[in-house]
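So the structure is just underneath, and the comments pick up after that.
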Amino acid sequence: MSEGANPFESLQSQIDEAAAHLEIGDDVIERLKHPERVLETNLTVELDDGSLGRFKAFRSQFNGDRGPYKGGIRYHPGVTRDEVKALSGWMVYKCATVGIPYGGGKGGIVIDPDEYSTAELERITRAFATELRPLIGEDRDIPAPDVNTGQREMNWIKDTYETLENTTEPGVITGKNIASGGSAGRVEATGRSTVIAAREAFDYLGKDLDGATVAVQGYGNAGWIAAKLIDEMGATVVAASDSSGGIYNPDGFDPVEAKAHKNETGSVVGYEESTEEITNADVLTMDVDLLIPAALENAIDGDLAEDVKADVISEAANGPLTPEADRVLEDSDVFVVPDILANAGGVTVSYFEWVQNRQRFYWSEEKVNEELEGIIVDAFDALVETYEEHDLSNPRTAAYVVAIQRVADAAEEAGTFP
Ligand code: NAD
């Protein structure tokens, strides 16, 4: 994975690229390139051995013109202030791309969660929730899971907030488990939109998904669900990787069994249906029909992009391609379905969860999936329309053109205060 590109600078260059096709004043564009506020805090938490641990944490609220700030919380040793700012900005444009009424936010703690016990992680999470308390709320800012966080952490944050506020407000956070007010279909939603978007791209390009070969980089929540669903659609998953390495079988393997192996051993590596162990770079440059990057940002930089052989990339991860990689790929025939559309299923079903929480009325999984399908297909159609109308060089710029226009319209309607 390339350490090179600063994700916040990548976001700003993506905005500039799209703004060149829009008639929006530079002053408004400038505003749309920076977060409204960033919380930086140091959590002091007692560890199991009685010592005190200190953990740096952030929450960035990028833009609230279209609704409350919305975005996940990441636990990773590589979390930085600029990374969180970038991720919060991508949330703004993601929510606008799929037309759901949210702005964007993102949070993170600089931590390797594998080094801490469950009890320590609970205390760390509750300490962060306490810091977040004045900033969040179902009409203010609604966190969700991201890398290395899931239902467990969301339940802790909800419980901390509700206890301190002496209320019941499940819509303060999404990605909860069902018993705590979660939505059917939320866990699968990111992988599901990634494959719906891939299917639409194949359709658009006149390519057949049935029998298409697929490589998946990152085998966590987003990646492994995408692998499972694309396999169910008739494609063949031939390669997958996680932070320990990659597996390959030219005839394909069972993505569910590969996940079971990872659950048991901690990695896909060593899975018995794999005929060859490969590197993460091998997965990204494999000669497949579809590549799904589902790990972290900057997975493919300009150099690696020269070797990408996939026909379609559907970005489950946020920011997996650097701007240089985009430039290289736009000169080739690779069609990139951008993250702000491909992985928007996560936030879309989070939105459904929030709607259900507010209505105290819960939907079936069938209804969730049907509504999600409609939103992603509509967003893809809007992207293609803009892509063709403006004769753009890549689909990412088309998504940003659609999204920036929507955010700028809301900002301009609201005016400036004071
Ligand atoms: P996760 O923690 O469940 O999984 C991450 C996976 O990536 C793990 O399998 C890990 O081993 C692997 N990985 C890490 N470094 C790697 C490397 N260098 N090479 C190969 N694999 C590597 O996280 P997730 O929730 O699946 O998130 C993955 C990506 O999807 C992130 O970019 C996240 O922002 C994005 N995303 C997630 C959601 C969601 O709802 N979970 C929604 C939108 C976007």
Side-chain angles (χ1 to χ4, degrees), residues 1-3 7 70-79 83-84 86-91 94-95 97-98 104 106-108 111-114 143-154 174-176 182-183 185-194 197 215-228 239-247 255 258-259 261-263 265-269 278-284 291-301 304 314-321 338-351 353 372 376:
M1 192 161 301
S2 159
E3 301 288 326
K70 182 87 190 85
I73 291 178
R74 171 176 294 196
Y75 289 2
H76 195 273
V79 164
E83 181 191 55
V84 171
L87 289 163
S88 67
W90 283 323
M91 287 305 299
K94 187 181 303 184
C95 293
T97 297
V98 289
K106 203 82 176 194
I111 184 174
D112 180 353
D114 289 343
D146 192 69
V147 174
N148 290 326
T149 62
Q151 292 180 334
R152 183 183 68 172
E153 289 75 17
M154 301 307 108
T174 60
K176 306 175 290 291
S183 175
R186 173 61 183 87
V187 173
E188 297 79 18
T190 302
R192 188 174 291 281
S193 67
T194 302
V216 181
Q217 182 229 12
Y219 218 63
N221 176 258
W224 103 262
I225 297 282
K228 171 176 169 275
S241 67
D242 58 30
S243 47
S244 305
I247 55 173
K259 172 64 173 164
H261 179 84
K262 182 172 166 71
N263 286 350
T265 64
S267 172
V268 290
V269 176
I278 53 176
T279 66
N280 185 43
D282 293 335
V283 172
L284 296 167
L291 171 65
I292 301 180
L296 297 173
E297 55 269 19
N298 294 345
I300 302 179
D301 61 14
L304 202 63
S314 190
E315 295 182 330
N318 286 307
L321 271 57
D339 47 5
I340 59 172
L341 196 164
N343 72 33
V347 72
T348 302
V349 177
S350 274
Y351 165 56
E353 178 176 336
L372 174 63
I376 299 300

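Ligands are counted one by one from 1 in listed order, and the atoms in each one are counted from 1 as well.
Of all the atoms in ligand 1, the ones that sit under 4.0 Å from a non-hydrogen atom of Gln217 are 19 (N), 20 (C). Under a 4.0 Å criterion applied to the non-hydrogen atoms of Gly218, ligand 1 contributes the atoms 7 (O), 12 (C), 21 (N). Which parts of ligand 1 touch Asp146 is read off a 4.0 Å heavy-atom cut-off, strictly below it: atoms 33 (C), 34 (O). Near Ala222, the atoms of ligand 1 lying under 4.0 angstrom from a non-hydrogen atom of the residue are 26 (O), 30 (O). Within the listing of ligand 1, atoms 20 (C) sit less than 4.0 angstrom from a heavy atom of Ser241. Annotation for ligand 1: atoms under 4.0 Å from non-hydrogen atoms of Tyr219 are 6 (C), 9 (O).
Between Ala294 and ligand 1 there is a heavy-atom distance shorter than 4.0 Å. Residue Arg186 places a heavy atom less than 4.0 Å from ligand 1.
Using a 4.5 Å heavy-atom threshold, the side chains of Pro7 and Leu87 count as separate. Glu315 is not listed as a side-chain neighbour of Asn343, based on a closest heavy-atom distance of 4.5 Å or more. Contact of the Gln151 side chain with the Val187 side chain is registered, since non-hydrogen atoms from C-beta on lie closer than 4.5 Å.
With hydrogens and angles left out, the side-chain atoms of Arg186 and Ser350 include a donor and acceptor closer than 3.5 Å.
Any N or O atom pair closer than 3.5 Å counts here, and Gly220 shares at least one such pair with ligand 1.
For the salt bridge (Lys or Arg N to Asp or Glu O under 4.0 Å) test, residues two or more places apart in sequence or in another chain that qualify with Lys106 are Asp146.
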